[in-house]
Engineer: 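Questions regarding the structure given below will be posed in turn.
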Amino acid sequence: MPETKTQQSGNSGSDGSENDAPKGLEGVVVATTELGDVRGEEGFYHYRQYSAVEVAATRTLEDAWYLLFHGELPTKTQHAEWIEEIAPLRDLPDAMVELLPAIARAGDHFIPLDALRTALSATTYSLDYRPSLDLEPDELRAEAMRTCALVPTLVTSLYRLSEGHEPVTPHPELPYAANYLYMLTGEEPDPKLARAVEKYLISTIDHGFNSSTFTARVITSTGADLGAAVVGAIGALSGPLHGGAPSRALDMLDAIGEPRNAEPWIRNAVEHGQRIMGFGHRVYKTDDPRSLLLRDVAAELGGEQYEFARKIEDTVVEVLEEMKPGRKLRTNVEFYSGVVMNSCGIPRTMFTPTFASSRTIGWCAHILEQAADNRLIRPSARYIGPPPPQPVPDAE
Ligand code: ACO
């Protein structure tokens with residue numbers, strides 16, 4: 001911040017506050033939560049009281065969803081009741097069956113996350129979601145459940161429509177991940193692929209106070225409806241510095257082409273100030289545990305792309321270590337998630353929307369938590385422009 005301008009403005013925020021948060025709010029605690037946390041130095045994150053990686057490795061997505069909403073993992077009976085509660089919530093509302101084709105074809109280029117954002121806004125409007133400030137906790141929870149159940153149907157339907165196919169009605173017997181692949185392709189998936197996608201989806205449900213989660217909580221803090229908060233969160237997730245990287249990571253693998261090109265390609269990119277997609281993280285200064293989990297999932301699925309990605313990972317880490325010493329840049333969740341999703345037949349354009357599907361559960365859990373103990377989130381900014389009030393010039 002230029003010192004002279006700060007002095008001119010009186011050196012305080014608009015509310016007289018002298019507390020400056022660092023740029024990007026790095027390291028600033030802005031809320032309390034019981035939902036989970038990320039320990040960047042250790043390379044550990046958790047959902048409630050359990051390691052998220054362990055939950056992904058051992059439980060179903062529905063269990064993880066239950067855990068975030070209820071604070072405990074379900075028993076077998078609770079799991080069965082939970083599945084019964086979710087299944088009927090997946091179906092598209094009638095108004096959206098009519099509207100979705102128009103949304104899918106509205107732009108010159110189909111951008112699934114933009115289409116999802118638009119469709120979800122229309123959906124929650126059509127379902128008459130009301131300001132969270134006016135709702136009882138069980139009413140808000142019902143909206144959250146419906147949203148989490150509907151997003152996979154919306155996004156897969158939009159994709160199919162954009163490809164000239166009819167949407168596939170949710171399969172009443174299939175769990176979340178298998179149903180996701182089913183709605184995408186119209187065929188019941190290989191259980192091995194469904195399980196790989198499920199691990200990915202579980203591992204991305206929640207992740208501390210990331211930008212989209214913060215966005216959802218800021219919007220909820222105004223008392224706005226849950227649909228507005230999730231739509232805002234999708235907007236935040238769409239940025240390449242947050243969730244928009246997995247397809248870019250695969251694009252990079254394609255651009256590198258073969259291992260011998262890797263080093264010069266990466267050097268050239270970093271010299272030109274570019275970011276290597278799928279590497280680096282605001283919080284993790286060691287391996288991102290999601291990346292390690294997904295690397296194992298990718299290894300189980302095997303294939304040339306995995307082998308290639310493995311080699312490129314080593315080269316990128318070495319080059320970044322040399323060119324950006326001390327920054328501790330390792331693979332983040334996005335690098336191997338692209339490889340896993342590609343191996344499971346999810347189209348590249350659907351990577352971030354697939355991430356958005358599972359993250360909707362995390363956003364909704366945060367929305368419920370924010371609404372249950374709310375205070376308007378309203379920070380200040382330090383004005384650094386010309387000292388006001390300047391005389392308003394006459395119109396010429
Ligand atoms: N490639 C090259 N250099 C990098 C990378 C990268 N991927 N990431 C960080 N750096 C460098 C920066 O250039 C900077 O160097 P400098 O100090 O010489 O200027 C230094 O490391 C610190 O970078 P910051 O931007 O301050 O780190 P920040 O914590 O703000 O960024 C981020 C984190 C945005 C994820 C960054 O690492 C990045 O842009 N990565 C690539 C995009 C990506 O993979 N996004 C997905 C993130 S995972 C998720 O959100 C789900």
Side-chain angles (χ1 to χ4, degrees), residues 21-28 36-38 40-41 43 45 47 52-53 56 113 200-216 233-253 255-256 262-295 309 312-341 348 351-363 366:
K23 203 171 177 187
L25 297 183
E26 184 167 1
V28 178
D37 197 13
V38 179
E41 293 294 335
Y45 75 116
Y47 295 161
V53 168
L113 206 60
Y200 165 73
L201 292 167
I202 298 172
S203 73
T204 48
I205 282 181
D206 189 42
H207 200 246
F209 237 69
N210 57 81
S211 306
S212 56
T213 298
F214 185 42
T215 303
I234 294 172
L237 185 74
S238 68
L241 300 187
H242 188 6
S247 54
R248 290 171 187 244
L250 278 199
D251 292 344
M252 177 182 79
L253 292 182
I256 291 172
E263 193 178 330
W265 194 97
I266 295 153
R267 277 185 192 285
N268 184 48
V270 177
E271 271 161 16
H272 286 85
Q274 289 171 23
R275 301 286 171 116
I276 308 300
M277 290 293 147
F279 288 79
H281 197 272
R282 170 61 61 83
V283 182
Y284 291 122
K285 299 306 168 203
T286 179
D287 289 312
D288 180 336
R290 301 167 299 176
S291 163
L292 298 181
L293 172 83
L294 294 170
R295 190 166 73 191
I312 300 303
E313 176 189 358
D314 291 342
T315 312
V316 174
V317 169
E318 274 166 32
V319 173
L320 288 177
E321 195 90 56
E322 183 201 315
M323 297 183 77
K324 297 278 174 185
R327 312 297 198 289
K328 300 180 180 168
L329 301 166
R330 303 278 186 281
T331 50
N332 60 47
V333 62
E334 306 280 4
F335 190 66
Y336 283 104
S337 62
V339 178
V340 168
M341 285 192 269
R348 213 170 275 207
F351 289 177
T352 305
T354 304
F355 182 4
S357 278
S358 57
R359 186 51 68 85
T360 298
I361 296 170
W363 292 329
H366 276 276

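As the structure lists them, so they are numbered: ligands from 1, and atoms in each ligand from 1. Quick note: numbers below take in every heavy atom, side chains included, and nothing from hydrogens, waters or symmetry partners.
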Engineer: May I ask which of S212, G239, P240 has a heavy atom nearer to atom 45 (N) of ligand 1 than the others do?
Structural biologist: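 Minimum heavy-atom distance to atom 45 (N) of ligand 1 goes to P240.
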Engineer: When rounded to the nearest 0.5 angstrom, what distance separates OG1 in T360 from CD1 in I234?
Structural biologist: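 Going from OG1 on T360 over to CD1 on I234, the span is 5.5 Å.
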Engineer: Which option out of S337, A269, G280, S291 puts a heavy atom nearest to atom 37 (O) of ligand 1?
Structural biologist: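 Going through S337, A269, G280, S291 one by one, G280 has the nearest heavy atom to atom 37 (O) of ligand 1.
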Engineer: For the residue pair F209 and H366, categorise the inter-ring angle as parallel (less than 30°), tilted (30 to 60°) or perpendicular (more than 60°).
Structural biologist: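 Ring orientation, 0 to 90° scale: perpendicular.
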Engineer: Taking all heavy atoms of A262 and all of I312, pick out the closest pair and write down the distance.
Structural biologist: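 Looks like CB-CD1, 3.5 Å.
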Engineer: Could you point out which residue of E334, R330, R290 forms a side chain to side chain contact (heavy atoms under 4.5 Å, CB included) with H281?
Structural biologist: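 Among the candidates, only R290 passes.
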Engineer: Atom CG of D287 and atom CD of E313: how far apart are they, to the nearest 0.5 Å?
Structural biologist: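 Here the rounded value is 7.0 Å.
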Engineer: Under 4.0 Å from a heavy atom of L320: give me the atoms of ligand 1 that qualify, with their elements.
Structural biologist: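 Listed by number with element, the hits are 2 (C).
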Engineer: Indicate yes or no for a side-chain donor-acceptor contact from D288 to the backbone of T331 under 3.5 Å, with no hydrogens or angles considered.
Structural biologist: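 Not a single qualifying donor-acceptor pair exists.
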Engineer: Please verify the inter-ring angle class for Y284 with H207; under 30° counts as parallel, over 60° as perpendicular, anything in between as tilted.
Structural biologist: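 Geometry flag for H207 against Y284: tilted rings.
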Engineer: Should the pair E271-R267 be classified as a salt bridge under the 4.0 Å nitrogen-to-oxygen rule?
Structural biologist: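 No, E271 and R267 are not salt-bridged.
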Engineer: Numbering the atoms of ligand 1 from 1, which are under 4.0 Å from a heavy atom of I276?
Structural biologist: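 Those atoms are 1 (N), 2 (C), 6 (C), 7 (N), 41 (C).
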Engineer: Atom 23 (O) of ligand 1: which of R330, R275, K285 has the nearest heavy atom?
Structural biologist: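 When every heavy atom of R330, R275, K285 is considered, R275 comes closest to atom 23 (O) of ligand 1.
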Engineer: Can you confirm, on distance only, whether ligand 1 has an N/O atom lying under 3.5 Å from any N/O atom belonging to F279?
Structural biologist: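 Between F279 and ligand 1 (N or O atoms, distance only) the closest approach is under 3.5 Å.
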Engineer: Residue-level breakdown please: for N332 versus ligand 1, do any non-hydrogen atoms fall below 4.0 Å on the side chain, on the backbone, on both, or on neither?
Structural biologist: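 N332 to ligand 1: side-chain contact only, backbone stays beyond 4.0 Å.
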Engineer: What atoms of ligand 1 come closer than 4.0 angstrom to any heavy atom of V333?
Structural biologist: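 What qualifies from ligand 1 is 51 (C).
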Engineer: Against ligand 1, does A249 come closer than 4.0 Å with any heavy atom?
Structural biologist: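 No, A249 has no heavy atoms under 4.0 Å from ligand 1.
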Engineer: For ligand 1, which atoms, with element, lie under 4.0 Å from some heavy atom of E334?
Structural biologist: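 Taking each heavy atom of E334 in turn, ligand 1 has 46 (C), 48 (S), 49 (C), 51 (C) under 4.0 Å.
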Engineer: Using a 3.5 Å cut-off on N or O atoms only, is M277 in polar contact with ligand 1?
Structural biologist: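 No - when backbone and side-chain N and O of M277 are compared with those of ligand 1, no distance drops under 3.5 Å.
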Engineer: Which option out of H207, R327, H242, M323 puts a heavy atom nearest to atom 49 (C) of ligand 1?
Structural biologist: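 Considering heavy atoms of H207, R327, H242, M323, the nearest to atom 49 (C) of ligand 1 sits in H242.
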Engineer: So how far is it from R248 CZ to I276 CD1, rounded to the nearest 0.5 Å?
Structural biologist: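 The distance works out to 13.0 Å.
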Engineer: In this structure, does ligand 1 have an atom that sits under 4.0 Å from one of the heavy atoms of G24?
Structural biologist: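 Flag not set, G24 not near ligand 1.
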Engineer: Is the contact between K324 and ligand 1 made by the side chain, the backbone, both, or neither, using heavy atoms and a 4.0 Å cut-off?
Structural biologist: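 Contact part for K324 vs ligand 1: side chain (C-beta onward).
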Engineer: As an exercise, identify every atom of ligand 1 less than 4.0 angstrom from a heavy atom of R282.
Structural biologist: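 Numbered from 1, ligand 1 contributes 28 (P), 29 (O), 30 (O), 33 (C).
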Engineer: Are any of the N/O atoms in G278 less than 3.5 Å from those in ligand 1?
Structural biologist: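 So ligand 1 has an N or O lying under 3.5 Å from an N or O of G278.
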Engineer: Please round to the nearest 0.5 Å and tell me the distance separating atom OG1 of T315 and atom CD1 of I256.
Structural biologist: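 Rounded to the nearest 0.5 Å, the OG1-CD1 separation comes to 8.0 Å.
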